[in-house]
Amino acid sequence: METFFVKFKAGSLELGGIVTTAHHSRRFKVEMVTNEPDPIVLDRSVNGIWKLVERGQRKLSDADFEALEAAIEEQLYKFYAAKHILVLTDFSEAADNAATYAALLSRQLKSTKLVLYHSYESILMPSTTGFAPVGPGFTESEAGSLEKITAIKERLVEQVLPETKIEVRNDDRTLVPAVNILVQQLRTGLVVVGMRGKSKLERLIVGSNTLDLAKSCLAPLLVVPPEAVFQKIERVVFACDLKEVYDLTPVHAIKTFVNALQAKLLILNVDRRNGDFEPDELKQLRLLHELWDEQQAEYHYIPDDNVTAAIIDFADKKGAQLLITIPKVYGFLEGFFHQSVTNSLANRTHLPLMMFRDDI
């Protein structure tokens, strides 16, 4: 999420502001009109403490600024707690499974909106990826697409909470830009995609639509394996490295999502090192604890040459239901699906993978 609109009370007046976020929702520029020359600038610490950096040109009181901060907090919570979920489909079995998973997940998150989206433009692309929104066909009519996606909606109605509204969208836009437009228009805090079968796992590498989407999507991306059956998420593994921990970690986004699930967070670092931490790693280790100690997270450090296999093995042993990673930081996604991964690892594709960008 980069820009959104908020309303807040300033005395007896109701004001509106255009909010632009930066640095993982730690800095906010607030404009009452577009391209305002002297905007309000606010900082928010990882622990939720607000600081007024620039007051702007309007004479707002301290109470007015508190109301503005509360309005921003509310919007951030709705977004990062995934109150609106966007599900991509190409009508394959993998995509249908992902849609079912998303519907059941929406119950745990108490989401209020589930949006199903199909880009029939994507069906014209070569079927060389392992990710569901790209289908094998050549043409598809708008009417046929709408009929199919409406049928999915009708099937999912009984899967979601009564108060959760399901919407359908279909068009011929290019997939990745279309997803980002929908994320901003509909304020969807989670995008869900299905993944094709094991025989195509090696296709999900750098250059594929899935990884491109993970690096470009304005909302976190959840990849659901074809065999995944939804289980209540009680334990989440966040696989991270010890590089630029403070600058590259979307702490507020991950904390909000995990708290919305009411799940336990396990932070895991797997490294090929032999021996003790290097001085810079010790510094990053301290920063890691500063970021997450308030979350009462568990910390685990494992030396292993096969980083990917160690992560999945750890998640299995701890009985985790979800794995979180930041693919742009250390290329975990490429390794997870690369053909060099052991067969035993490939057989563990039941674990859904949630990806957060490092530069939002």
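This chain uses plain numbering: 1 for the first residue, then up along the sequence.
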Does any non-hydrogen side-chain atom of [Y] lie less than 4.5 Å from one of [X]?
X	Y	answer
K83	K110	yes
I324	L353	no
F314	V270	no
R27	V53	yes
P37	Q57	yes
I267	L288	yes
K283	V245	no
L266	H300	yes

Please confirm whether the backbone N or O of [Y] pairs with a side-chain atom of [X], one donor and one acceptor, at under 3.5 Å?
X	Y	answer
D43	F28	no
S45	N47	yes
K255	L291	yes
S111	A82	yes
K264	V258	no
E73	E69	no
Q321	R235	yes
S61	D64	yes
T21	S25	no

Check your understanding: Below 6.0 angstrom between ring centroids: does that apply to F230 and Y101?
Key ->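 Centroid separation for F230 and Y101: below 6.0 Å.
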Review point. What about the rings of W292 and F238, do their centers lie closer together than 6.0 Å?
Key: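 Yes, they do, as the ring centres are separated by less than 6.0 Å.
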Enclosure of [X] [atom1] (heavy-atom neighbours >12, cutoff 6.0 Å):
X	atom1	answer
E298	CD	yes
Q296	CD	no
E234	CD	yes

Check your understanding: Stepwise, does the side chain to side chain contact (heavy atoms under 4.5 Å, CB included) test hold for K232 with Q108?
Key -> CA-CA 7 Å; K232 182 180 179 181; Q108 184 172 350; 3.7 Å; yes
Review point. Can you check side chain to side chain contact (heavy atoms under 4.5 Å, CB included) on V115 and L182, steps first, answer last?
Key: CA-CA 9 Å; V115 182; L182 287 171; 5.8 Å; no
With clusters defined by side-chain heavy atoms of hydrophobic residues (ILVMFWY) lying less than 4.5 Å apart, directly or transitively, does [Y] cluster with [X]?
X	Y	result
I72	I18	no
V236	Y301	yes
L42	Y77	no

Exercise for review: Could you give me the CA-CA distance, side-chain angles and deciding distance for D241 and D271, then say whether side chain to side chain contact (heavy atoms under 4.5 Å, CB included) is met?
Suggested key: CA-CA 8 Å; D241 63 7; D271 201 290; over 6 Å; no
Would you give the length of the straight line joining atom [atom1] of [X] to atom [atom2] of [Y], rounded to the nearest 0.5 angstrom?
X	Y	atom1	atom2	answer
L218	Q184	CG	CD	5.0 Å
L105	M354	CG	CE	8.0 Å
H23	R44	NE2	CZ	15.0 Å

Within the 3.5 Å criterion, strictly below it, is a donor on [X] or [Y] matched to an acceptor on the partner's side chain?
X	Y	result
T256	N259	no
D171	Y117	yes
W50	E66	no
R107	Q159	no
R155	T100	yes
Q284	E244	no
D90	S92	yes

Point to revise | Trace of the side chain to side chain contact (heavy atoms under 4.5 Å, CB included) decision for K29 with E31 | key: CA-CA 7 Å; K29 179 179 70 174; E31 302 167 288; 3.8 Å; yes
Review point. Aromatic rings F91 and H118: how do their planes relate, parallel, tilted or perpendicular, breaks at 30° and 60°?
Key: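 Rings of F91 and H118: tilted, 30 to 60°.
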Identify whether the distance between the nearest side-chain nitrogen and carboxylate oxygen of [X] and [Y] falls below 4.0 Å.
X	Y	answer
D313	K318	no
R286	E290	no
R169	E167	yes

Practice item. Any chance you could lay out the salt bridge (charged side-chain N to carboxylate O under 4.0 Å, His left out) test for D247 and R26, step after step, and finish with the verdict? Key: CA-CA 10 Å; D247 293 331; R26 296 172 195 168; 5.1 Å; no
